[in-house]
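Here is the structure we will look at, set down as structure tokens.
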Amino acid sequence: MNDRHLQEARLLVRQAADQLTEDAQALTAGSAEALVAGRATRVGDLRLAVLAAWCAGASREELARDARVKIGLIEEWIAANDLDQPLARHPV
């Protein structure tokens with residue numbers, strides 16, 4: 001993948017992490033149901049951004065930093081990725 005595509009993918013990871021953080025306060029102000037649903041949606045957005053950036057060539061360490069999560073979570077998300085799905089990383 002080209003460097004520009006990788007940088008854009010990593011930017012999307014950082015933006016998804018920012019959105020999760022920014023929405024935390026608003027989500028906690030609502031009902032418990034809204035909190036669970038909202039958080040699940042934002043975490044799902046972050047996970048997809050991480051997987052897309054990984055497919056673009058980002059390292060696990062870069063992704064952990066960009067997403068502000070532990071590398072173990074990044075590894076879990078990558079391992080859970082179905083290799084038959086378009087987000088799966090394939091050798092170039």
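Quantities reported herein were computed from a predicted structural model and do not represent experimental measurements.
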Separation of Glu22 CD from Gln15 CD (nearest 0.5 Å): 10.0 Å
Return the minimal non-hydrogen interatomic distance between Lys70 and Ala64, and the atom names on each side. C-CB, 4.3 Å
When rounded to the nearest 0.5 angstrom, what distance separates CG in Leu63 from CG in Leu46? 9.5 Å
Spacing of Ile74 atom CD1 and Arg60 atom CZ [to the nearest 0.5 Å]: 9.5 Å
Out of curiosity, Asp66 CG to Ser59 OG, how far, rounded to the nearest 0.5 Å? 8.5 Å
Does Asp45 form a side chain to side chain contact (heavy atoms under 4.5 Å, CB included) with Gln19? I'd like the steps, not just the answer. CA-CA 9 Å; Asp45 292 345; Gln19 192 65 53; over 6 Å; no
Using the rule that two of Ile, Leu, Val, Met, Phe, Trp, Tyr join whenever any of their side-chain heavy atoms come within less than 4.5 Å, decide whether Val43 and Trp54 are in one cluster. yes
To the closest 0.5 Å, what do you measure between CG (Leu6) and CZ (Arg4)? 12.5 Å
Do other residues, nucleotides or ligands put more than 12 heavy atoms under 6.0 Å from Arg14 CZ? yes
Arg47 side, atom CZ; Glu76 side, atom CD - distance, nearest 0.5 Å: 10.5 Å
Let's go through Leu11 and Gln7 carefully: what are the C-alpha distance in whole Å and the side-chain angles of both, what is the deciding distance for side chain to side chain contact (heavy atoms under 4.5 Å, CB included) to 0.1 Å, and is it a yes or a no? CA-CA 6 Å; Leu11 175 62; Gln7 294 308 316; over 6 Å; no
hydrophobic_cluster_shared for Leu20 and Val69, side chain cutoff 4.5 Å: yes
Taking the side chain as everything from C-beta on, heavy atoms only, tell me whether Asp18 gets closer than 4.5 Å to Arg68. yes
Of all the heavy-atom pairs spanning Ala17 and Ala67, show the shortest one and how long it is. CB-O, 3.6 Å
Take Trp77 and Leu48 through the side chain to side chain contact (heavy atoms under 4.5 Å, CB included) test and state the conclusion after the steps. CA-CA 9 Å; Trp77 285 348; Leu48 288 175; over 6 Å; no
